[in-house]
Amino acid sequence: MDRLSSHRATKEVVNKHNFKFSKSLGQNFLIDDNVIDRILEGARLSETDRIIEVGPGIGTLTREMGKVAENVVAIEIDKTLIPILKETLADLDNVEVVNEDILKVDVQGLINEKLNGGPVKLVANLPYYITTPIVMKFLEEDIPVTDIVVMVQKEVADRMNAKPNTKDYGALSVAVQYYCDTEIVAKAPRHMFMPQPNVDSTVIGLHVREEQIYHVDNEDIFFKTVKASFGQRRKTLLNSLGGLGFLSKDQIKEALKEANIDEKRRGETLSIEEFASLSNAVNRIHNENK
């Protein structure tokens, strides 16, 4: 079977199976060969790779990955797509489709059962309405993932890739970059999809570091500190950190002083290293006053 990443090929499959696109599942099929190739390049695919794909659609990207990787497991929530995928992927015995909800499935169990325990790469054209929960699930749950290369809404990619002192820099930027080196892999305007969505898309590469480069004493306190710092962007850190709920104003001043951070600064000006220092000070003061 030839590539599915053209308007004609995609339309043929959709019409043949009388498939109805679901808005609630965010179904928009990519119909551009060049972007498919950029995704494959960004994922640095090799013949020893084990891939998890979320939302394979009709198998457009799945097929191309299956031609290269050792194994591909595609997780698709829409049961009406399962017979289509069975047909479009029939010639690839290293590809398996699982009819599950990615946010409910035991990903580590699936990796152990079907992908020899990993490590894995997550490569996908993600449904936009669950992009962040999926990405953070893979980063936070100790899943053995080395690379996450995903198509997401342009604005979300901009936030994941943003640097301090920019309008897009926020809690998501810090959360993702705490674990990963980020890069913009490709841009995909809305006309490259069927049906055409209301937003443009971007492929972002998140390359998970083998070793943690930030010294954080308590990750829970770190992420709470980050969240509070961005909770009210116009407020200074002295005021916004009140959102932590467990430090007095004097204790917040003490933490900022210990981390050598001016209390008049705002959250969007802090580097991840500074957030680490600040959260370590917050953690120490919090432990002393329990």
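Small disclaimer: the values here were computed from a predicted structure and weren't measured. Heavy atoms only: backbone and side chains are in, while hydrogens, waters and symmetry mates are out.
Listed for the Asn239 side chain is no donor-acceptor partner under 3.5 Å among the backbone atoms of Thr236. With hydrogens and angles ignored, the 3.5 Å screen pairs a side-chain donor or acceptor of Asn280 with a backbone N or O of His215. With hydrogens and angles disregarded, a donor-acceptor distance shorter than 3.5 Å links the side chain of Thr269 to the backbone of Arg266. Without hydrogens or angle criteria, Thr60 side chain to Ser5 main chain gives no donor-acceptor distance under 3.5 Å. In this structure, Asn283 contributes its side chain and Ser279 its backbone to no donor-acceptor pair below 3.5 Å.
Contact of the Glu263 side chain with the Lys257 side chain is not registered, since no non-hydrogen atoms from C-beta on lie closer than 4.5 Å. The side-chain heavy atoms of Ile77 and Glu100, taken from C-beta on, include no pair separated by under 4.5 Å. A 4.5 Å side-chain heavy-atom check between Leu61 and Leu40 finds at least one atom pair inside the cut-off. The shortest side-chain heavy-atom distance between Leu122 and Val149 does not fall under the 4.5 Å cut-off. Two residues are said to be in side-chain contact when any heavy atoms from C-beta on lie closer than 4.5 Å; Val174 and Phe275 meet this criterion. Counting heavy atoms from C-beta outward, Glu76 and Val98 have side chains that stay 4.5 Å or more apart. Put simply, the side chain of Arg159 does not reach to within 4.5 Å of the side chain of Tyr169, judged on heavy atoms. A 4.5 Å side-chain heavy-atom check between Val150 and Ile204 finds at least one atom pair inside the cut-off.
Val208 and Val216 end up in the same hydrophobic cluster when Ile, Leu, Val, Met, Phe, Trp and Tyr side chains are linked at under 4.5 Å. Hydrophobic clustering (ILVMFWY, side-chain heavy atoms < 4.5 Å, transitive): Leu81 and Leu4 are in one cluster. With hydrophobic clusters built from ILVMFWY side chains whose heavy atoms lie under 4.5 angstrom apart, Ile272 shares a cluster with Leu206. No continuous path of ILVMFWY side-chain contacts below 4.5 Å connects Leu110 to Val72, so the two sit in separate hydrophobic clusters.
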Derivation and outcome, side-chain hydrogen bond (donor to acceptor under 3.5 Å, both in side chains), residues His17 and Asn15:
CA-CA 5 Å; His17 293 269; Asn15 290 343; over 6 Å; no

Apply the test side-chain hydrogen bond (donor to acceptor under 3.5 Å, both in side chains) to residues Ser22 and Gln27: give CA-CA distance (whole Å), side-chain angles for both, the deciding distance (0.1 Å), then the verdict.
CA-CA 6 Å; Ser22 167; Gln27 290 173 336; 4.5 Å; no

Please lay out, stage by stage, how Arg284 and Glu254 fare under the test salt bridge (charged side-chain N to carboxylate O under 4.0 Å, His left out).
CA-CA 11 Å; Arg284 182 193 64 76; Glu254 183 184 344; 3.2 Å; yes

Test Asp200 against Arg190 for salt bridge (charged side-chain N to carboxylate O under 4.0 Å, His left out), laying out the working first.
CA-CA 5 Å; Asp200 294 324; Arg190 59 196 76 186; 3.1 Å; yes

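What you find for Thr131 and Val152 is that their closest heavy atoms are CG2-CG1, 3.3 Å. Nearest heavy-atom pair across Leu139 and Tyr179 is O-CE2, 3.7 Å. When every heavy atom of Ser240 is checked against every heavy atom of Gln232, the shortest pair comes out as CB-O, 4.3 Å. When every heavy atom of Ile143 is checked against every heavy atom of Lys137, the shortest pair comes out as CD1-O, 3.7 Å. The minimum heavy-atom distance between Ile285 and Gln251, with the atom names listed, is CD1-O, 3.6 Å. Of all the heavy atoms in Asn218 and Ile221, the pair that sits closest is OD1-N, 3.0 Å.
Residues that satisfy the ring pair (Phe, Tyr, Trp, His ring centres under 6.0 Å) test with Phe223, not counting sequence neighbours, are Tyr178. The ring pair (Phe, Tyr, Trp, His ring centres under 6.0 Å) check on Phe29 picks up Phe19, Phe21, with sequence neighbours excluded. With sequence neighbours excluded, the residues satisfying salt bridge (Lys or Arg N to Asp or Glu O under 4.0 Å) with Glu70 are Arg50. Shown here are the salt bridge (Lys or Arg N to Asp or Glu O under 4.0 Å) partners of Glu113, two or more places apart in sequence or in another chain: there are none.
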Please set out all donor-acceptor pairs under 3.5 angstrom arising from side-chain atoms of residues 160-167, sequence neighbours excluded.
residue	atom	partner	partner atom	Å
Asn161	OD1	Thr182	OG1	2.6
Thr166	OG1	Lys163	O	2.6

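Between the side chains of Asp78 and Thr80, a donor-acceptor pair is found at a separation under 3.5 Å.
Here the rule is side-chain contact (heavy atoms from CB on, under 4.5 Å) with Ile84, and of Ile58, Val97, Leu89 only Ile58 fits it.
Contacts classified as side chain to side chain donor-acceptor pair (under 3.5 Å) and involving residues 34-45 (residues at least two apart or in different chains) are given here: Arg3-Asp37, Arg44-His207.
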